[in-house]
Amino acid sequence: MKSVNYHFTLRYLLGLCIAFASLHFLIGCGGGNGNGNIPLSGSVTLNTPSSPASRTIPTYTVKAFIWPDTNTPIASTQTDASGHFSFSLSQDKSGKDLILIATQSEQRGSHIVADLPVSGKNDANITICSSLTAELIGGNAKQLKVMDLIANTVTTIETEMVKMNGLDTTSLNAGGSTVPANFGDGIVNSSDVMAYAKGNKVIQDALAAMTQHGGGISPAKQIVQLLRDTTKTAVANGKNNNASMVQATLRTRTQLRTMAQTYNDLCLHTQTMFRLLARTRLNNDTLENLPPGGYVYQKGENGKWDISTLWHSGNQWMVRVYYNLPVTEDYYTVTISPTNPIAAFAITPAAGEYKGVIADNGVTQATFDLKFNNNTSNQPIQANLDISMTDPDPDTSEPITFSGVMSGTPTDNSGDGKYLYSNVSLSGTLSSKYLQGSLDGFKIYWDNPSDLNADPQRVELTKATLTLQQVMDTQMSMVMENAKMTIAQTLREMECTMTMTTANTRIQLANMKMSLVSIPDTSSGADSVKELPSTISGDMEFSSPTTTFNGNVSMTWDNPTTANSITAETFPIGTVAMKGQLTSTLGAPINIEWNAATTNTNNTPKLTMTIAQLGDGSQNLSGSVIQSFSMVNNTVQPNGPVTMDLTATPSNAQIHITAQQNAFSGTIKQGNNTLANIGTANSLGMPDLGNAAIIKYSDGSFETAASILPGETT
């Protein structure tokens with residue numbers, strides 16, 4: 001009978017999901033200039049009726065925001081006794097428009113830092129003039145959806161505000177007569193400040209110039225903002241969360257390997273034990289009707305198991321089970337002792353209970369306690385198992401124990417008084433120094449129990465839980481629930497819910513449906529096969545401290561393989577589709593819908609990701625990302641060219657990027673109008689930033705690609 005090694009090749013799942021990694025490659029190339037953080041400092045001097053100059057300067061909380069998001073601060077600090085504050089911002093904030101907001105009690109002051117210089121700024125002072133300027137510009141820009149604030153506009157309006165009569169009596173209390181409750185809602189229309197601003201032609205011309213400028217390139221800014229939110233959420237957070245799970249897995253792999261080996265031994269021994277005890281229609285393969293004594297149990301060259309007698313005496317059955325042919329000294333022993341002496345082996349109420357020991361080469365590996373109900377037709381038998389297994393590896397020789405109940409329902413279709421089993425079930429708990437597990441309602445069914453060598457046709461599992469406690473406080477737990485598997489000759493269909501949890505990350509695939517196909521595994525013998533997935537689908541929930549995803553995912557593989565390296569012949573051909581909502585602490589919720597497909601035409605492997613939806617409701621991106629793969633000695637290398645073409649709605653602006661290793665270039669256009677160029681700073685006339693990848697807008701402002709994916713470089 002063939003040997004089956006259940007093997008789940010996650011490598012192909014990850015291979016097809018590199019579409020999101022492609023976004024990382026495209027937008028994260030170049031990174032910052034690596035020359036340290038950007039200093040930003042100033043003082044809060046709000047000379048208003050609620051804080052006259054004669055009073056001690058109160059302590060203000062100062063927060064920094066990136067326009068247009070005034071809800072999520074990127075930094076926060078407090079003023080000292082002299083009203084001074086300072087920030088140290090990462091290089092990816094260069095070129096951004098910052099809003100500084102200072103609060104104390106009901107009072108709110110503000111300051112706009114447009115296009116933050118790489119060298120930083122030391123005069124970001126928050127005054128009554130800077131506050132009224134920021135409130136006026138913020139309200140105007142928010143209403144007209146202006147994405148880019150102009151430094152000249154800020155300076156011009158603040159200069160005009162200084163000229164306003166009675167400025168020192170203006171209140172900055174949020175929700176008062178001048179300043180609204182929320183920043184960005186504009187100055188109160190009925191206030192003296194608004195009347196002054198409307199009547200001042202210089203202020204109105206400056207606002208109009210900013211509106212025309214910011215509105216002109218705002219579609220490009222919107223695209224970049226959406227990509228920023230997506231890549232921070234899907235790639236940066238995903239990378240960190242994936243690293244957390246990988247680290248937990250690596251730290252527990254020794255224990256997983258030990259558990260797997262011990263589990264294999266457990267299955268082998270208990271399978272043999274029940275085969276010895278079973279009432280079958282095959283001759284010479286059970287202890288049925290044999291007297292106490294010693295026996296040899298081995299698999300003959302014809303593939304059938306046979307029992308031969310060594311000696312008869314005593315009140316125990318001692319069976320040597322040989323691993324290999326021809327017979328060697330490599331065997332384990334199954335010893336069975338009934339509580340009441342009986343002349344010949346039979347599962348009878350009179351015997352009541354059987355105790356057993358399994359010893360491998362003289363070393364006790366397991367003990368078991370069998371309590372049988374009765375021997376009436378179609379009544380279940382039950383074995384209470386208390387098993388302790390020890391791996392021979394001295395580095396991992398902590399025992400693993402299993403305590404539970406195994407039962408089987410015999411059937412006698414022929415009426416000859418000999419039974420096979422229509423189903424066998426197992427429940428219990430597994431424990432060791434590193435592992436805690438439970439198994440509930442694991443049941444195997446044979447639709448045709450007359451064939452002893454037939455594979456089971458159905459498998460059901462109510463719930464299985466495995467928790468791993470490893471060094472350095474790494475924890476991982478895995479849960480499988482409501483599992484059902486149907487088994488055909490070459491195809492396994494499985495349904496279940498699977499959950500994997502580490503200390504701060506959880507991923508669940510509910511209502512999962514998976515098809516497994518049998519693939520020859522020549523590395524393990526001519527008759528050995530591995531079970532590999534051909535399709536997977538389900539409802540996915542993912543959560544971490546920074547990211548959540550709720551949606552569904554489906555995957556297919558046309559050519560699952562056991563190959564360790566990916567060649568042109570074994571390059572996985574398949575599809576991945578995902579739809580749902582991605583939420584991050586770094587940005588607004590994003591609705592995503594995409595599918596990715598791999599092809600290999602003329603030994604040219606390629607992945608094409610088609611994006612149907614990538615947006616927050618008010619705007620959306622759609623298009624494609626194509627990753628090509630190079631070949632080295634017929635081995636696939638993930639360093640081929642990548643192209644991205646996306647169209648934004650409703651602006652109809654388009655972003656095009658091509659990238660390969662350190663080469664990075666592209667444009668953002670709206671019709672024939674180029675809104676931004678993308679490339680290295682050197683190539684775009686900004687040598688101070690070296691080879692950093694930047695997005696340079698048509699108005700001369702810029703932002704680094706690292707601002708889209710902080711800290712990432714190629």
Is [Y] close to [X] at the side-chain level, that is, under 4.5 Å between some pair of heavy atoms?
{"X": "L98", "Y": "L89", "value": "yes"}
{"X": "S131", "Y": "R108", "value": "no"}
{"X": "N559", "Y": "T570", "value": "no"}
{"X": "I128", "Y": "L167", "value": "yes"}
{"X": "L646", "Y": "I223", "value": "no"}
{"X": "P572", "Y": "I566", "value": "yes"}
{"X": "Q654", "Y": "T647", "value": "yes"}
{"X": "V576", "Y": "W594", "value": "yes"}

What heavy-atom pair brings [X] and [Y] nearest, and what distance separates the two atoms?
{"X": "V202", "Y": "N200", "result": "N-OD1, 3.0 Å"}
{"X": "V224", "Y": "Y697", "result": "CG2-OH, 3.4 Å"}
{"X": "T133", "Y": "E158", "result": "OG1-CA, 3.2 Å"}
{"X": "I573", "Y": "T599", "result": "CD1-C, 3.9 Å"}
{"X": "E135", "Y": "G184", "result": "OE1-N, 4.4 Å"}
{"X": "C129", "Y": "V162", "result": "SG-CG2, 3.6 Å"}

Can you check whether [Y]'s main-chain N or O pairs, donor with acceptor, with [X]'s side chain at less than 3.5 Å?
{"X": "S130", "Y": "S110", "result": "yes"}
{"X": "N125", "Y": "S43", "result": "yes"}
{"X": "T79", "Y": "Y60", "result": "yes"}
{"X": "Q670", "Y": "N652", "result": "no"}
{"X": "N182", "Y": "D185", "result": "no"}
{"X": "D97", "Y": "W67", "result": "no"}
{"X": "T598", "Y": "G574", "result": "yes"}
{"X": "N620", "Y": "L614", "result": "yes"}
{"X": "K696", "Y": "L684", "result": "yes"}
{"X": "S651", "Y": "A653", "result": "yes"}

- Task: Would you kindly say whether T45 and T127 are connected by a side-chain donor-acceptor distance under 3.5 Å?
- Result: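 The answer is no; no qualifying pair exists.
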
Reported [atom1]-to-[atom2] distance for the pair [X] and [Y], which is rounded to 0.5 angstrom:
{"X": "L607", "Y": "I626", "atom1": "CG", "atom2": "CD1", "answer": "9.5 Å"}
{"X": "K96", "Y": "D115", "atom1": "NZ", "atom2": "CG", "answer": "10.0 Å"}
{"X": "I101", "Y": "T61", "atom1": "CD1", "atom2": "OG1", "answer": "12.0 Å"}
{"X": "L582", "Y": "I590", "atom1": "CG", "atom2": "CD1", "answer": "6.0 Å"}
{"X": "N122", "Y": "S86", "atom1": "CG", "atom2": "OG", "answer": "11.0 Å"}
{"X": "T153", "Y": "I112", "atom1": "OG1", "atom2": "CD1", "answer": "9.5 Å"}

- Between F571 and F629, does the ring centroid distance fall short of 6.0 Å?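 Centroid separation for F571 and F629: below 6.0 Å.
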
- Passes side chain to side chain contact (heavy atoms under 4.5 Å, CB included), L207 versus I157? Steps please. CA-CA 8 Å; L207 290 174; I157 294 179; 3.6 Å; yes

- Check the pair T658 / T643 against side-chain hydrogen bond (donor to acceptor under 3.5 Å, both in side chains), numbers first and verdict last. CA-CA 4 Å; T658 61; T643 61; over 6 Å; no

- Do other residues, nucleotides or ligands put more than 12 heavy atoms under 6.0 Å from the CD atom of Q637?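 Yes, CD of Q637 has more than 12 neighbouring heavy atoms, counting only those of other groups under 6.0 Å.
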
- Take atom CG of N634 as the centre, draw a 6.0 Å sphere, and report whether it contains more than 12 heavy atoms from other residues, nucleotides or ligands.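 For N634, atom CG is crowded (more than 12 foreign heavy atoms under 6.0 Å).
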
- Using the test ring pair (Phe, Tyr, Trp, His ring centres under 6.0 Å), find all partners of F85 that sit at least two apart in sequence or belong to another chain.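 Per chain and number, F85 pairs via ring pair (Phe, Tyr, Trp, His ring centres under 6.0 Å) with F87.
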
- Item | salt bridge (charged side-chain N to carboxylate O under 4.0 Å, His left out) involving K163 - partner list, sequence neighbours excluded |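 Applying salt bridge (charged side-chain N to carboxylate O under 4.0 Å, His left out) to K163 gives E160.
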
- Query: Taking it one step at a time, do R506 and E541 satisfy side chain to side chain contact (heavy atoms under 4.5 Å, CB included)?
  - Reply: CA-CA 8 Å; R506 177 180 181 272; E541 294 182 9; 3.8 Å; yes

- Item | Residue pair E569, N600: steps toward the side chain to side chain contact (heavy atoms under 4.5 Å, CB included) verdict | CA-CA 9 Å; E569 294 76 19; N600 187 5; over 6 Å; no

- Query: Does the pair L40 and L100 meet the rule for a side chain to side chain contact (heavy atoms under 4.5 Å, CB included), with working shown?
  - Reply: CA-CA 10 Å; L40 178 63; L100 304 182; 4.1 Å; yes

